[in-house]
Amino acid sequence: MSEETVQIKDVVALAGAPGLHKILKADEKVIVVESMDEKKKRQLVKGNMVATKLMDVSIYTDDDSEPLVNVLKTIREKYPEGLPVNKGSSKDELMDFLGEVLPSYDREKVYPSNVKKLLSWYEILEAWQVSLELPAAEGEESAKEETASSEE
């Protein structure tokens, strides 16, 4: 779908907006993103908008949290031919799927809606052939900054 390889460090989710966006330009004053869909709509991220880098998202676990990028890598390795579930799957099927790729997920803090969002994001990342490799030092620090919340 894309002519160049998109890196996971350049992918963001915008609060209140569906799908994912890739960062085209970012500096102290402005962030310009493009939707990762057929429309490729470009927009300016304004001060009241919240853009969260996917590499900064984690999923709650029994001990602490697991960086989303690690979960995405596990899914990619375990299901190279396609996922056994989709957003229309039952709650039990969704949670069983998450248990297969992240056995230690926190069963009180992670909801089926979180798994649906994970599946949606995974499908977009696969369609765009996004590289899940993190820059060396950023991966360890950024994963601790934000965890997936029940609001998602």
Side-chain angles (χ1 to χ4, degrees), residues 1-26 31-40 45 50-152:
M1 220 177 217
S2 68
E3 39 302 324
E4 65 199 51
T5 301
V6 178
Q7 304 294 317
I8 192 71
K9 69 179 183 60
D10 297 322
V11 178
V12 296
L14 299 180
L20 296 173
H21 299 77
K22 68 177 179 175
I23 299 171
L24 297 178
K25 177 182 178 187
I31 299 174
V32 178
V33 297
E34 180 178 84
S35 63
M36 295 176 75
D37 59 17
E38 307 80 41
K39 296 177 186 173
K40 293 187 177 185
V45 177
V50 178
T52 304
K53 287 188 169 189
L54 252 55
M55 64 182 231
D56 293 340
V57 175
S58 295
I59 297 177
Y60 289 116
T61 62
D62 295 330
D63 299 326
D64 186 19
S65 64
E66 182 69 24
L68 178 67
V69 70
N70 292 348
V71 177
L72 293 167
K73 285 178 182 179
T74 300
I75 294 170
R76 189 176 272 177
E77 290 167 8
K78 193 167 178 109
Y79 300 104
E81 301 300 319
L83 300 177
V85 294
N86 59 49
K87 294 175 279 188
S89 297
S90 73
K91 291 179 182 180
D92 289 340
E93 290 171 326
L94 293 170
M95 302 319 283
D96 288 347
F97 168 76
L98 185 59
E100 289 177 25
V101 295
L102 184 61
S104 64
Y105 82 90
D106 187 321
R107 277 133 179 92
E108 293 181 15
K109 293 181 181 175
V110 180
Y111 301 100
S113 61
N114 300 123
V115 182
K116 287 180 182 183
K117 184 168 278 190
L118 168 67
L119 293 173
S120 174
W121 287 353
Y122 180 78
E123 290 170 0
I124 294 168
L125 296 172
E126 286 299 290
W128 282 74
Q129 300 176 347
V130 173
S131 169
L132 299 177
E133 296 308 313
L134 294 176
E138 288 180 61
E140 296 169 12
E141 293 174 18
S142 65
K144 298 175 186 174
E145 292 177 16
E146 185 175 327
T147 56
S149 69
S150 59
E151 295 175 51
E152 294 187 62

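Heads up: numbering here begins at 1 and tracks the sequence.
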Exercise. Would V69 and L54 count as a side chain to side chain contact (heavy atoms under 4.5 Å, CB included) if you check the C-alpha gap in whole Å, the side-chain angles of each, and the deciding distance to 0.1 Å?
Worked result: CA-CA 7 Å; V69 70; L54 252 55; over 6 Å; no
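- Here the closest heavy-atom approach between residue R76 and residue V130 is recorded as NH2-O, 3.0 Å.
- Annotation for N86 and L94: closest pair O-CD2, 3.5 Å, computed over non-hydrogen atoms.
- Under the 3.5 Å distance criterion, the side-chain polar atoms of W128 are left unmatched by any main-chain donor or acceptor of V6.
- Here the OH-CG distance, from Y60 to N114, works out to 9.5 Å after rounding to the nearest 0.5 Å.
- Stacking of R107 on the aromatic ring of Y105 is recorded, both the 6.0 Å distance cut-off and the 45° axial limit being met.
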Exercise. Going through the distances and angles, do E126 and Y79 end up as a side chain to side chain donor-acceptor pair (under 3.5 Å)?
Worked result: CA-CA 12 Å; E126 286 299 290; Y79 300 104; over 6 Å; no
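- Across every non-hydrogen atom of I23 and K9, the tightest pair is CD1-O, 4.5 Å.
- With a 4.5 Å cut-off on side-chain heavy atoms, W121 and V11 do not count as touching.
- Atoms CG and CD1, from L125 and I75 in turn, are 10.0 Å apart once rounded to the nearest 0.5 Å.
- Side-chain atoms of D92 never come within 3.5 Å of backbone atoms of M95 as a donor-acceptor pair (strictly under, hydrogens ignored).
- When all heavy atoms are compared, the tightest approach of E66 to V71 is CG-CG2, 3.9 Å.
- Shortest non-hydrogen contact noted between H21 and S35 is CD2-CA, 3.4 Å.
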Problem set entry | Intermediate values then yes/no, side chain to side chain donor-acceptor pair (under 3.5 Å), D63 and T61 | CA-CA 5 Å; D63 299 326; T61 62; 5.4 Å; no
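- Atom-to-atom distance recorded for S90:OG and D96:CG is 7.5 Å, nearest 0.5 angstrom.
- For the atom pair CG (L118) and CD (E123), the distance works out to 10.0 Å, reported to the nearest 0.5 Å.
- One finds the CG atom of L98 at 10.5 Å from the OG1 atom of T74 (value rounded to the nearest 0.5 Å).
- Minimum heavy-atom separation, K73 to L132: CE-O, 3.1 Å.
- Here the straight-line distance linking atom CG of L24 with atom CD1 of I31 works out to 11.5 Å at 0.5 Å rounding.
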